[in-house]
Amino acid sequence: MNISVSRRFTAAAALAALALGGLTGTSASASPAAAAAAPDIPLANVKQHLTDLQSIATANGGNRAHGRTGYKASIDFVKAKLDAAGYTTTIQQFTSNSAVGYNLIADWPGGDPNQVLMAGAHLDSVSSGAGINDNGSGSAAVLETALAVARAGYQPSKHLRFGWWGAEELGLVGSKYYVAQLPTTERAKLSGYLNFDMIGSPNPGYFVYDDDPTIETTFKNYFAGLGVPTEIETEGDGRSDHASFKNVGIPVGGLFTGASRVKTSAQVAKWGGTATAFDRCYHSSCDTTANINDTALDRNSDAVAHAIWTLSGASTPPPVGKVFENAADVSIPDNGAAVTSTVNVTGITGNAPATLSVGVDIVHTYRGDLVVDLVAPDGSVYSLSNRSGGSADNIVQTFTVNASSEVANGAWKLRVQDTASVDTGYINGFKLTFP
């Protein structure tokens with residue numbers, strides 16, 4: 001979080017009762033059941049991203065600051081994950097303090113291009129530390145939510161866009177540049193921008209931006225459902241990247257768990273913790289992976305997904321065709337024997353189609369170790385992925401296989417083998433869709 005911009009108050013409280021219809025594109029009377037429920041965001045995945053960002057900092061002088069090698073490595077790390085998940089990514093360059101900076105923009109295919117819901121976080125740290133809470137926490141939660149969109153095959157009515165900003169710590173430089181480069185017509189298409197900066201503070205509070213009333217209400221309702229009280233965010237108002245969007249009239253909102261201010265006795269009674277700084281390692285060398293409250297990170301990561309699903313305005317349509325699925329987890333031994341997940345197909349006449357859809361969801365820390373095959377009931381093998389993807393993790397992808405020579409009914413298997421050491425994972429799901 002940047003500390004150079006003064007706080008600005010807004011008078012949104014009187015509008016807090018506005019229906020969600022304005023931002024979601026649905027009427028106030030629409031049934032909440034019409035919207036798809038957001039998935040649970042796995043805390044382990046978010047924390048793995050933080051571990052990876054810590055490793056990047058450690059390998060690059062202890063930080064991920066603008067103009068340093070650690071920042072560019074952080075951008076490359078996030079981009080690789082999004083590319084593998086099917087996003088269209090763009091790296092935007094700018095200059096600040098005589099050094100090149102980078103923003104990363106990721107667009108999920110589909111949705112109304114004239115209604116864009118965007119979520120973002122700054123990816124840079126200060127030069128004094130790795131910046132794991134500030135702001136690896138927000139960056140990791142936004143990344144994992146974007147990957148969850150891909151895993152779900154989510155198709156909202158609005159277009160989804162995600163952003164990771166550079167040089168926020170120097171005065172919101174990256175996000176200001178992004179907004180300045182947007183033509184007026186493109187700014188008008190942004191129905192909302194959600195900002196996540198420091199959402200895993202070790203002595204956390206639960207703060208919600210009081211900017212756009214619809215976004216504010218979305219977050220408040222989510223935490224109310226958990227029985228977690230919230231307060232209006234004041235410490236960082238105007239000091240993070242949402243200000244760049246707000247200043248040109250784009251609706252904004254977001255979450256925060258506190259920085260250098262001291263938690264009051266009333267807040268201790270409300271949230272627990274101690275009457276000390278929300279983050280005693282704010283802008284310090286001790287802002288490492290040890291500087292994270294798991295409960296706060298988990299709650300806020302789930303809140304990110306809840307807001308994306310709620311505000312994007314549509315449910316996930318059921319897949320076209322007949323689907324056979326196995327959602328049971330199957331552990332993949334490290335550098336070990338192949339394992340399988342089996343789907344039993346029944347009730348299909350004749351042979352499988354020439355366009356058999358094979359949905360693969362594998363959680364793994366290094367996809368470049370994996371050999372993945374589809375095995376037909378008669379034992380025929382169709383290669384899906386053979387140690388591809390380099391250092392990227394996970395395989396969440398739908399493959400199309402010409403299986404027209406195979407009888408449709410029978411036991412189909414997804415076979416996965418880890419062929420090198422050190423990395424771990426499991427089959428999270430496997431499905432076949434017959435048109």
Side-chain angles (χ1 to χ4, degrees), residues 1-6 49-83 89-106 118-143 146 161-182 193 195-200 236 238-245 247 259-260 279 281-289 291-292 391:
M1 174 172 289
N2 169 263
I3 60 175
S4 64
V5 184
S6 63
H49 300 327
L50 295 183
T51 298
D52 292 335
L53 291 173
Q54 176 71 64
S55 297
I56 288 171
T58 301
N60 289 276
N63 68 75
R64 301 179 301 99
H66 166 75
R68 310 292 181 88
T69 55
Y71 181 72
K72 183 55 165 61
S74 299
I75 282 282
D76 293 342
F77 162 74
V78 175
K79 183 178 185 298
K81 291 183 175 295
L82 296 164
D83 287 341
T89 59
T90 304
I91 290 183
Q92 188 178 56
Q93 294 189 19
F94 58 89
T95 302
S96 180
N97 284 6
S98 301
V100 175
Y102 306 93
N103 294 326
L104 173 62
I105 310 300
M118 188 171 190
H122 78 86
L123 189 55
D124 63 315
S125 72
V126 292
S127 59
S128 58
I132 298 304
N133 186 39
D134 185 14
N135 181 40
S137 61
S139 293
V142 172
L143 172 59
R161 181 175 298 158
F162 299 89
W164 289 263
W165 312 116
E168 187 269 359
E169 298 290 2
L170 301 183
L172 322 183
V173 178
S175 58
K176 286 179 179 177
Y177 180 83
Y178 173 77
V179 171
Q181 295 299 305
L182 282 178
Y193 170 74
N195 194 64
F196 304 98
D197 192 351
M198 301 181 65
I199 60 170
R239 287 166 47 181
S240 193
D241 295 294
H242 62 290
S244 302
F245 294 80
N247 289 342
S260 59
D279 183 356
C281 291
Y282 176 61
H283 282 191
S284 300
S285 60
C286 58
D287 188 7
T288 65
T289 50
N291 191 46
I292 291 290
S391 61

In Å and rounded to the nearest 0.5 Å, what is the [atom1] to [atom2] distance from [X] to [Y]?
X: N195; Y: D241; atom1: CG; atom2: CG; result: 5.5 Å
X: D124; Y: K72; atom1: CG; atom2: NZ; result: 15.0 Å
X: W165; Y: Y177; atom1: CH2; atom2: OH; result: 12.0 Å

Specify the closest pair of heavy atoms between [X] and [Y], including all atoms of both residues, with the distance to one decimal.
X: R64; Y: L123; answer: NH1-O, 2.5 Å
X: H122; Y: N135; answer: O-ND2, 3.1 Å
X: A119; Y: V142; answer: O-CG1, 4.2 Å
X: L172; Y: S240; answer: CD1-O, 3.5 Å
X: I199; Y: A141; answer: CD1-CB, 3.6 Å
X: A167; Y: F94; answer: CB-CE1, 3.8 Å

Donor-acceptor check, side chain of [X] to backbone of [Y], threshold 3.5 angstrom: yes or no?
X: W164; Y: S139; result: yes
X: N103; Y: Q92; result: no
X: D134; Y: D287; result: no
X: S128; Y: H283; result: yes
X: T58; Y: I56; result: no
X: H66; Y: S96; result: yes
X: K176; Y: G171; result: yes

Are [X] and [Y] packed together at the side-chain level, in the sense that at least one heavy-atom pair is separated by less than 4.5 angstrom?
X: S175; Y: E168; answer: no
X: I105; Y: M118; answer: yes
X: I132; Y: N291; answer: no

Residues in side chain to side chain contact (heavy atoms under 4.5 Å, CB included) contact with T89, at least two apart in sequence or another chain: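 Side chain to side chain contact (heavy atoms under 4.5 Å, CB included) list for T89, sorted by chain: K79, L82, D83, Y87, L104, A106.
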Side chain to side chain donor-acceptor pair (under 3.5 Å) assessment of N63 paired with S125: CA-CA 6 Å; N63 68 75; S125 72; 4.7 Å; no
Parallel, tilted or perpendicular, as decided by the 30° and 60° cut-offs, for the rings of Y71 and Y102: parallel
